[in-house]
Every structure is written in structure tokens, then in C-alpha cells.
Protein chains: 2
Amino acid sequence: MVTPEQVGERYLAVHHRMLRAVNDEMLGCGLSMARTKLLRRLHEQGPTRQNVLAADFGLSPHSITDLVDGLERMGMAERRPDPTDRRAKLVAITDAGNAKLDEALTVHLEYLDESLAKRLTENERVTLASLLTKLNVAR
Amino acid sequence: MVTPEQVGERYLAVHHRMLRAVNDEMLGCGLSMARTKLLRRLHEQGPTRQNVLAADFGLSPHSITDLVDGLERMGMAERRPDPTDRRAKLVAITDAGNAKLDEALTVHLEYLDESLAKRLTENERVTLASLLTKLNVAR
DNA sequence: TATTGTTATACTCTATAACTATA
DNA sequence: TATAGTTATAGAGTATAACAATA
């Protein structure tokens with residue numbers, strides 16, 4: 001029997017392990033979770049100022065500097081001057097970054113989908129997806 | 001509409017954020033996720049050799065040394081000689097560790113349960129719990 | 001020769017605080 | 001005086017490799 005009180009405990013145990021497995025998978029192809037998220041944001045919304053990224057991801061300005069440094073060293077992103085404010089910098093994804101992002105998303109999402117498909121039926125996955133949608137509300 | 005193919009993607013977005021929130025909560029009461037897990041294992045299964053811990057948690061021997069160092073500095077765990085093998089050490093939880101573990105589990109599980117209760121009905125939480133049970137199979 | 005754990009070294013992800021350049 | 005970003009510093013969590021003690 002399952003009671004609602006046991007959910008938090010299971011939640012922690014299961015997802016901590018799953019996310020770690022995905023993260024290992026991602027590192028294997030050269031892009032960590034944090035870097036993938038940032039690259040994806042740049043891919044979808046174009047060149048963005050660092051302070052906007054910090055606010056949107058809930059990270060400190062320093063963490064963004066660090067993340068962008070890493071992506072820049074890898075050649076996946078680049079900083080450009082912001083023409084409207086000489087203090088600010090726009091971070092943009094490069095062609096190499098777009099290619100890598102494509103590869104990383106394919107690899108890790110396929111891995112996750114396979115892991116889920118191994119453990120859940122199609123109906124259960126649909127149910128999970130709808131629960132996730134409800135969990136995703138920021139509150 | 002929700003298709004099984006979208007599940008992996010949502011899974012990542014939702015749980016990454018949730019686990020980070022829980023981890024922040026846990027740091028606030030002085031025990032990180034990794035330390036809590038280790039302390040809990042020591043509480044439940046008694047003094048354990050470091051190589052066993054490394055194997056069970058899927059960590060390198062060094063990571064265990066590091067984690068135990070941290071818990072020892074906090075007075076939450078201690079190393080004892082293994083009477084059967086002078087190379088080995090048994091890691092044991094202390095009284096202070098047991099008290100802290102109790103507090104940490106209460107704080108972070110209550111936080112998680114509240115987060116879930118804010119977003120899901122009781123029936124949905126029961127459904128989630130049963131999905132988590134299926135996801136928890138190691139494969 | 002193999003195993004147990006530590007030390008040395010390093011990388012990622014996160015933080016706060018002090019600082020520089022610009023607004 | 002306030003904002004954008006970097007540098008300095010720090011701590012957790014992870015890794016590999018080299019090493020000492022012991023088996």
C-alpha cells in the first residue's frame with residue numbers, strides 16, 4: 001500500500017539516482033546539465049545579456065560568468081559587446097555550440113526515454129507526463 | 001496533448017529544479033544531500049567499511065574519504081579500526097549524527113511533501129508514488 | 001601481487017564579497 | 001549612486017593517479 005506521506009521520500013531516492021545517471025551520460029558527450037541548459041536557452045532565444053541569464057536561471061552573476069567561461073573555452077558560445085550598454089555583454093551560441101547541443105540533446109534525451117520505457121508502459125508514461133506538468137508550476 | 005516522447009524532457013526540467021530546491025533546503029539545516037544519504041545508511045546498517053560504502057553508492061574511494069572527512073569534522077560520524085583487517089576502517093554514526101539526521105529528514109521530507117501537496121491532489125500523489133516504485137527498480 | 005584508504009591534483013557548480021567600468 | 005560583469009575566495013561533490021600500509 002502506498003500513502004501520500006511516503007511520496008517525498010521515494011521522490012528523493014528515485015530522482016536523485018536518475019538525474020545522476022543522466023548527468024554522467026551527458027558528461028560522456030562533453031556537455032554537463034548546467035551547460036546544456038544554458039546553451040539551449042541561447043539557441044532558443046538568441047544572444048542574451050548575462051544579468052538576464054542570471055535572473056532567469058536563479059543563479060548568481062558569478063555562476064553565469066563561470067558557465068559562460070566554460071562554454072567559451074569549449075568554443076560553444078561567445079561574448080559580444082552589447083551595442084546599447086558598454087558595461088554589458090551579449091552571450092551567443094556558436095555554430096559548434098549548435099551542433100554540440102543537437103548531439104547532446106539527442107544522446108541524453110534518448111537515454112532518459114529509454115530508461116523510462118524500460119520501467120513504465122506507454123500509459124504510465126502519459127500519466128507521468130501529466131503529473132510533471134503539474135509539478136512544473138513555479139510556486 | 002501529451003505523448004510518451006515528451007516525458008524525458010519534462011522529467012529533466014522538473015526534477016532538476018525540485019532537487020535543487022530540496023538541496024538548498026537541506027544545506028540550510030547543515031546536512032547536504034550526499035551527507036544525509038551516507039549518514040542514513042550508517043544509521044540503518046551500522047558501522048561500515050569505506051570500500052563497501054564506495055561500492056554501494058557508486059562513488060570512488062576518494063569521494064567516500066572526502067564525505068567521511070566532512071562528517072567527522074562535523075562530529076556526525078567517526079572512523080574506527082576494523083578488528084578483522086588493519087588496513088580497513090569502519091565508519092560509524094555518532095549520537096550527534098543520529099540527532100542531526102533525525103532533524104534533517106524531518107525538515108527536508110516535510111518540505112518536499114509540502115511542495116508536492118501544493119501541486120498535486122492526494123490521488124495524484126498516490127499515483128506518483130506508484131510510478132516512483134516502478135522507476136526505482138535498478139536496471 | 002592485490003586491496004584499503006589517503007594524498008595530490010583537478011574540474012564543475014554553486015555562493016558572497018570586493019572591485020572596475022560604465023550608466 | 002546604481003548596475004554589469006569580473007576577480008578573489010571558498011566549499012561541496014565528483015574524478016583519476018600515485019602512494020603507504022597491510023593482506
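Here is how names work: the chains are called A, B, and so on, in the same order as the sequence lines, proteins then strands, and each is numbered from 1.
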Glu72(A) CD to dG5(D) P, in whole Å, measures 13 Å
Report which part of the nucleic acid Leu67(A) touches: base, sugar-phosphate, or nothing (heavy-atom distance under 4.0 Å, all strands). sugar-phosphate
Quick check on dG11(D): is either OP1 or OP2 less than 4.0 Å from any side-chain nitrogen or oxygen of Arg73(B)? no
Return no unless some side-chain N or O of Arg35(A) is found under 4.0 Å from OP1 or OP2 of dC11(C). no
His43(B) and Leu39(B): side chain to side chain contact (heavy atoms under 4.5 Å, CB included), yes or no, with the steps? CA-CA 6 Å; His43(B) 170 76; Leu39(B) 221 45; over 6 Å; no
Start at the 5' end of DNA chain C and walk down; is the nucleotide closest to Ala88(B) or to Thr84(A) reached first? Ala88(B)
Using 30° and 60° as the class limits, which term best fits the ring planes of Tyr11(A) and His15(B): parallel, tilted or perpendicular? perpendicular
Heavy-atom nearest nucleotide on DNA chain C taken for Arg86(A) and for Leu90(B); more 5' hit belongs to Leu90(B)
If only atom types and distance count, is the side chain of His16(B) paired as donor or acceptor with the main-chain N or O of Leu12(B) below 3.5 Å? no
Name the closest nucleotide to the Arg87(A) side chain, picking from dT22(C), dA15(C), dT6(C). dT22(C)
With a 4.0 Å limit, can you tell me whether Ser63(A) has a side-chain N or O closer than that to the phosphate oxygens OP1/OP2 of dA15(C)? yes
Side chain to side chain contact (heavy atoms under 4.5 Å, CB included) evaluation trace for Val68(A) with Lys89(A): CA-CA 11 Å; Val68(A) 174; Lys89(A) 285 169 191 167; over 6 Å; no
Return yes if some donor-acceptor pair links the side-chain N/O of Thr48(B) with the main-chain N/O of Leu53(B) below 3.5 Å, else return no. no
Does Ser60(B) make a side-chain N or O approach to OP1 or OP2 of dA15(D) shorter than 4.0 Å? yes
Are Asp69(B) and Arg79(B) ion-paired here, with the side-chain N under 4.0 Å from a carboxylate O? yes
To the nearest Å, how far apart are Leu19(B) CG and dC13(C) P? 16 Å
Quick one: label Asp82(A) by what it contacts on the DNA or RNA (base, sugar-phosphate, nothing), any heavy atom closer than 4.0 Å. nothing
Can you check side-chain hydrogen bond (donor to acceptor under 3.5 Å, both in side chains) on Asn136(B) and Arg119(A), steps first, answer last? CA-CA 9 Å; Asn136(B) 205 20; Arg119(A) 295 172 175 86; over 6 Å; no
Write down the distance between CG (Asp66(A)) and P (dA10(D)), rounded to a whole number of angstrom. 16 Å
Separation of Leu27(B) atom CG from dT16(C) atom P, in whole Å? 12 Å
Starting from C1' on dC11(C), measure out to CG on Asp24(A) and report it in whole angstrom. 14 Å
Once you round it to whole Å, what is the distance between C1' of dT12(C) and CG of Asn23(B)? 15 Å
Check the distance between dA21(C)'s C1' and Asp85(A)'s CG and give it to me in whole angstrom. 10 Å
Rounded to whole angstroms, how far apart are CE on Met76(B) and P on dA12(D)? 13 Å
Check whether any side-chain nitrogen or oxygen of Arg79(A) sits under 4.0 Å from OP1 or OP2 of dT6(D), and answer yes or no. yes
Between residues 49-59 of chain B and DNA chain C, which residues have a heavy-atom gap below 4.0 Å? Arg49(B), Gln50(B), Asn51(B)
DNA chain D: Arg20(A) or Thr48(A), which has the more 5' nearest nucleotide? Thr48(A)
Nearest-nucleotide wise, let me know which of Ala34(B) and Ile64(A) is further upstream toward the 5' end of DNA chain D. Ile64(A)
Distance-only donor-acceptor test (3.5 Å): side chain His62(B), base dT6(C): no
Out of dT12(C), dG13(D), dT4(C), which nucleotide sits closest to the side chain of Ser32(A)? dT12(C)
Quick one, Leu116(A) with Met18(A), criterion side chain to side chain contact (heavy atoms under 4.5 Å, CB included). Give me CA distance, side-chain angles, the key distance, then yes/no. CA-CA 10 Å; Leu116(A) 293 176; Met18(A) 289 285 274; 3.9 Å; yes
